[in-house]
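Throughout, residue positions are numbered sequentially from 1 according to the sequence presented. Since the structure is predicted, the reported quantities are computational estimates derived from the model, not experimental observations.
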Amino acid sequence: MEKEIRDKIRQFNRYYTAVLGVLNRQYLGCPFSLPETRIIQAIFHNPNCNANEIVKLLNIDKGYLSRLLKKFEQHNLIVRMTSVSDRRSELLKLTDEGISVFHQIDMTADMSVEDMCRGLREDLLSELVDCMDKIQMILNTR
């Protein structure tokens with residue numbers, strides 16, 4: 001890869017992380033970081049998943065995930081249940097409080113996207129989404 005291409009990709013990554021505000025200790029104004037938010041979302045969208053599934057889904061360090069799951073348990077956001085089909089596996093599920101937190105995060109994320117795109121013409125918004133789809137498609141061909 002040419003240095004110019006690599007530098008442009010890195011510049012875009014820096015720009016977009018700043019746009020999203022992912023480097024803040026709290027993400028979307030809620031009391032959770034981006035990794036914590038993504039874990040809550042993953043558990044909500046994949047009920048009764050296990051930690052290994054989240055590691056694969058989010059490409060997150062297993063030890064880091066373990067520490068965050070313990071924190072979520074202490075704050076009554078998740079429960080762990082032994083799998084009926086594999087007693088060695090613990091399934092993760094959001095508590096009612098965890099589901100409430102998910103909905104708060106989801107609503108705030110929706111508002112954040114609305115704010116980011118406010119004022120864009122429909123044709124530019126459509127082009128933006130097409131470019132995002134294309135980026136995902138290209139990176140998924142590896």
Side-chain angles (χ1 to χ4, degrees), residues 1 4-142:
M1 173 184 296
E4 182 180 339
I5 291 171
R6 185 181 60 244
D7 289 348
K8 286 213 176 261
I9 292 170
R10 292 186 63 207
Q11 185 278 326
F12 177 81
N13 290 344
R14 288 188 301 273
Y15 166 79
Y16 199 59
T17 55
V19 166
L20 294 177
V22 299
L23 301 179
N24 296 323
R25 196 168 203 54
Q26 296 179 335
Y27 181 60
L28 297 172
C30 68
F32 302 101
S33 66
L34 177 62
E36 291 168 330
T37 300
R38 290 292 291 121
I39 293 164
I40 291 169
Q41 291 169 328
I43 296 171
F44 180 86
H45 289 295
N46 302 281
N48 298 319
C49 61
N50 63 39
N52 287 333
E53 291 169 319
I54 293 177
V55 165
K56 290 176 188 169
L57 181 67
L58 301 181
N59 191 26
I60 191 169
D61 177 75
K62 196 172 189 170
Y64 184 46
L65 174 63
S66 177
R67 289 189 298 279
L68 293 178
L69 291 176
K70 285 178 187 170
K71 175 182 174 181
F72 291 161
E73 273 186 301
Q74 292 168 349
H75 288 89
N76 193 37
L77 299 178
I78 66 165
V79 292
R80 297 180 201 232
M81 305 166 297
T82 303
S83 170
V84 174
S85 60
D86 181 357
R87 313 258 324 131
R88 298 168 295 169
S89 180
E90 288 186 325
L91 305 179
L92 304 170
K93 182 177 178 181
L94 292 177
T95 62
D96 288 342
E97 189 171 339
I99 291 170
S100 176
V101 166
F102 165 80
H103 286 299
Q104 175 190 351
I105 291 167
D106 197 50
M107 182 182 67
T108 306
D110 283 349
M111 290 186 321
S112 175
V113 171
E114 294 275 343
D115 288 345
M116 182 174 38
C117 296
R118 185 169 288 115
L120 285 179
R121 295 186 328 247
E122 283 297 317
D123 62 322
L124 291 177
L125 190 55
S126 180
E127 184 178 350
L128 176 67
V129 171
D130 289 345
C131 289
M132 290 174 167
D133 287 342
K134 189 169 185 173
I135 288 170
Q136 286 185 6
M137 181 199 65
I138 290 169
L139 291 177
N140 284 332
T141 62
R142 313 180 265 137

Please report the closest heavy-atom contact between E53 and N48, naming both atoms and the distance. OE1-O, 4.4 Å
If we ignore hydrogens and angles and just use 3.5 Å, is the side chain of T82 paired with the main-chain N or O of E90 as donor and acceptor? no
Taking CD in E73 as the centre, count heavy atoms belonging to other residues, nucleotides or ligands within less than 6.0 Å. Is the count above 12? yes
With side chains defined as the heavy atoms from C-beta onward, is the minimum distance between I60 and I39 less than 4.5 Å? yes
How are the rings of F72 and F32 set relative to one another: parallel (under 30°), tilted (30 to 60°) or perpendicular (over 60°)? perpendicular
Quick check: are there more than 12 heavy atoms from other residues, nucleotides or ligands sitting under 6.0 Å from CG of D7? yes
L69 vs I43 side-chain heavy atoms within contact, under 4.5 Å: yes
Do any N or O atoms from the side chain of T108 and from the backbone of Q104 form a donor-acceptor pair under 3.5 angstrom? yes
Which word best sums up how the rings of Y16 and F12 line up, parallel for under 30°, tilted for 30 to 60°, or perpendicular for over 60°? parallel
Do other residues, nucleotides or ligands put more than 12 heavy atoms under 6.0 Å from N13 CG? yes
From M81 atom CE to S89 atom OG, the distance as rounded to the nearest 0.5 Å: 10.0 Å
If you define the side chain from C-beta out and look only at heavy atoms, does anything of R80 sit under 4.5 Å from K70? yes
How many angstroms lie between atom NZ of K56 and atom SG of C49, to the nearest 0.5 angstrom? 12.0 Å
Short side-chain to backbone donor-acceptor contact, N46 and A42, under 3.5 Å: yes
Measuring from M132:CE to Q136:CD, what's the distance to the nearest 0.5 Å? 9.0 Å
Regarding R38 and Q41, is there a side-chain donor-to-acceptor distance under 3.5 Å anywhere? yes
Other residues, nucleotides and ligands only: do more than 12 of their heavy atoms fall within 6.0 Å of CD on Q11? yes
Output the distance between atom OG1 (T95) and atom CD1 (I78), rounded to the nearest 0.5 Å. 8.5 Å
dist D106:CG -> I40:CD1 (nearest 0.5 Å) comes out at 11.5 Å
Is atom NE2 of H75 surrounded by more than 12 heavy atoms (other residues, nucleotides or ligands) closer than 6.0 Å? no
I need the minimum non-hydrogen distance between C117 and L128, along with the two atoms involved. SG-CD2, 4.2 Å
Please find the pair of heavy atoms, one from T141 and one from M137, that lie closest to each other, and give the distance. CG2-O, 3.1 Å
